[in-house]
Amino acid sequence: MTTFIKETEFFQLHTLSDRVYAAISISGRGAWSNAGIVDLGDELLIFDSFTTPSAGHELRKQAESLTGKKVKYLINSHYHGDHVFGNQAFSDAAIISTSLTKEWCKEKNKLEDVEKEIKETNDYLTNLKTRIHSTQDPIIKASLTNQHNEMSKVLDDLPHLQIVLPSVLFEDRLIIEGSERKVELHCLGGGHTPSDTFMYLPQENIAFMGDLVNEELHVPIFNPDDFINILKHVKEMEIDILVPGHGNVGNKDLAETVSDYVSFLMKKSKEALENRVPLESFLSDFEPPSEYLNWRGVNGIRDNLSRMYRFYAE
Ligand SMILES: [Zn+2]
């Protein structure tokens, strides 16, 4: 049973179990993804830090005032900015990720020239506006509008954004035992990015999935084979409450739905390649099944189809 506690500028707080909370982002406010708060007994652990320092600071403030304890650990599930650009609010905590996620953070999340970043973000926002006005598809229009609103919040924070990298690294598994509760970090490879970590609370059967599981979202797929294998493992775990990287708190059905989605795209792409259908006609002739028609994503289902087609063409 999850219970709604309160709404802040960036997110809603829900209790998942005694002193375990999900911070579910409110669309377009600068949090963009979901985060978790776990009271380990004497200190707090935070899972993912949102997309702006402002949202990260609010997360820390709410976590510490809810529990009266201090944050000791921050987990970065993967390198994407919408999950790690709030890291600077936790710069005195032990920031934990896989070694590979840290490498990708270092490589992809560079901030060398702020003026240049501001200009590029402004150009990107202008481009999004053009696409919002020209697209006829209401779901893509809504997804682009959300992207525009979130990126505007990133732009507001860019002048004082600092890239804070993880400092405590692990490879495939790490257990953190607090005085009253333990959490397990699992990395079974990379499905959405080259390295994806999820967090499991074995006493409470709660999982925080990062972007390995999302609700009705065409989340980018990095490696479909690994994605399916990771989700197969997740489906075999005892999970009663599952917090997706984006969307509402659910249960293991969310993992099942994502797994079916990846399998479906994989099957279609492989069929097209076997029949030597060129990518362009594969994409233009493709009819999305009704169950995916309402899924969000700025490029819709075809972006993942094309990604997967190329993946198996190699
Ligand atoms: Zn992501």
Side-chain angles (χ1 to χ4, degrees), residues 10-11 22-25 27-36 46-52 55-56 59 74-87 95-98 100-110 121 124 143-144 146-151 153-154 161 163-166 185-199 207-224 226-228 230-231 234 242-250 254-255 257-259 261-262 265 295-301 303-304 307-308 311:
F10 302 95
F11 51 84
I24 303 299
S25 64
S27 144
R29 305 266 187 92
W32 206 344
S33 63
N34 295 331
I46 304 289
F47 184 84
D48 279 348
S49 67
F50 294 140
T51 197
T52 56
L59 175 63
L74 168 68
I75 315 303
N76 284 164
S77 64
H78 63 296
Y79 79 89
H80 285 161
D82 58 330
H83 295 254
V84 303
F85 282 170
N87 275 12
I95 304 183
I96 304 172
S97 78
T98 64
L100 197 52
T101 289
K102 179 176 183 173
E103 302 259 310
W104 279 77
C105 283
K106 245 183 177 165
E107 182 60 32
K108 297 282 187 182
N109 302 343
K110 284 184 190 143
T121 307
Y124 179 65
S143 303
L144 287 165
N146 185 53
Q147 183 101 351
H148 182 275
N149 295 343
E150 299 288 12
M151 284 308 294
K153 298 290 179 185
V154 172
L161 175 67
I163 300 300
V164 179
L165 295 171
L185 302 179
H186 295 261
C187 176
L188 307 167
H192 166 62
T193 65
S195 180
D196 295 299
T197 294
F198 64 91
M199 180 169 79
F208 291 85
M209 292 307 302
D211 280 352
L212 286 168
V213 177
N214 286 288
E215 187 195 28
E216 302 197 340
L217 180 68
H218 297 293
V219 68
I221 296 165
F222 174 77
N223 182 320
D226 289 354
F227 215 134
I228 301 266
I230 296 166
L231 292 178
V234 169
L242 186 151
V243 182
H246 299 262
N248 296 305
V249 177
L254 284 176
T257 305
V258 176
S259 175
Y261 169 75
V262 179
L265 296 181
W295 285 33
R296 293 157 296 133
V298 288
N299 296 308
I301 198 167
D303 203 38
N304 267 334
R307 212 185 293 255
M308 231 174 268
F311 182 86

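This chain uses plain numbering: 1 for the first residue, then up along the sequence. As the structure lists them, so they are numbered: ligands from 1, and atoms in each ligand from 1.
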Subject >> Pairwise distance NE2(His218) to CG(Asp303) - rounded to 0.5 angstrom >> reply: 10.0 Å
Subject >> Degrees at the Zn ion (ligand 1) between the NE2 atom of His78 and the ND1 atom of His80, nearest 10° >> reply: 100°
**OP:** Have a look at Asp211 and say which of its N, O or S atoms is nearest the Zn ion (ligand 1).
**Re:** OD2
Original post:
What is the distance from atom NE2 of His80 to atom CG of Asp211, rounded to the nearest 0.5 Å?
Top reply: 7.5 Å
Original post:
Can we call the ring centroids of Phe11 and Phe50 under 6.0 Å apart?
Top reply: yes
Subject >> Phe222 and His192 aromatic centres sub-6.0 Å >> reply: no
Original post:
How is the N/O/S atom of His192 that comes nearest to the Zn ion (ligand 1) named?
Top reply: NE2
**OP:** Flag Asp82 as yes if one of its N/O/S atoms falls below 2.8 Å of the Zn ion (ligand 1), otherwise no.
**Re:** no
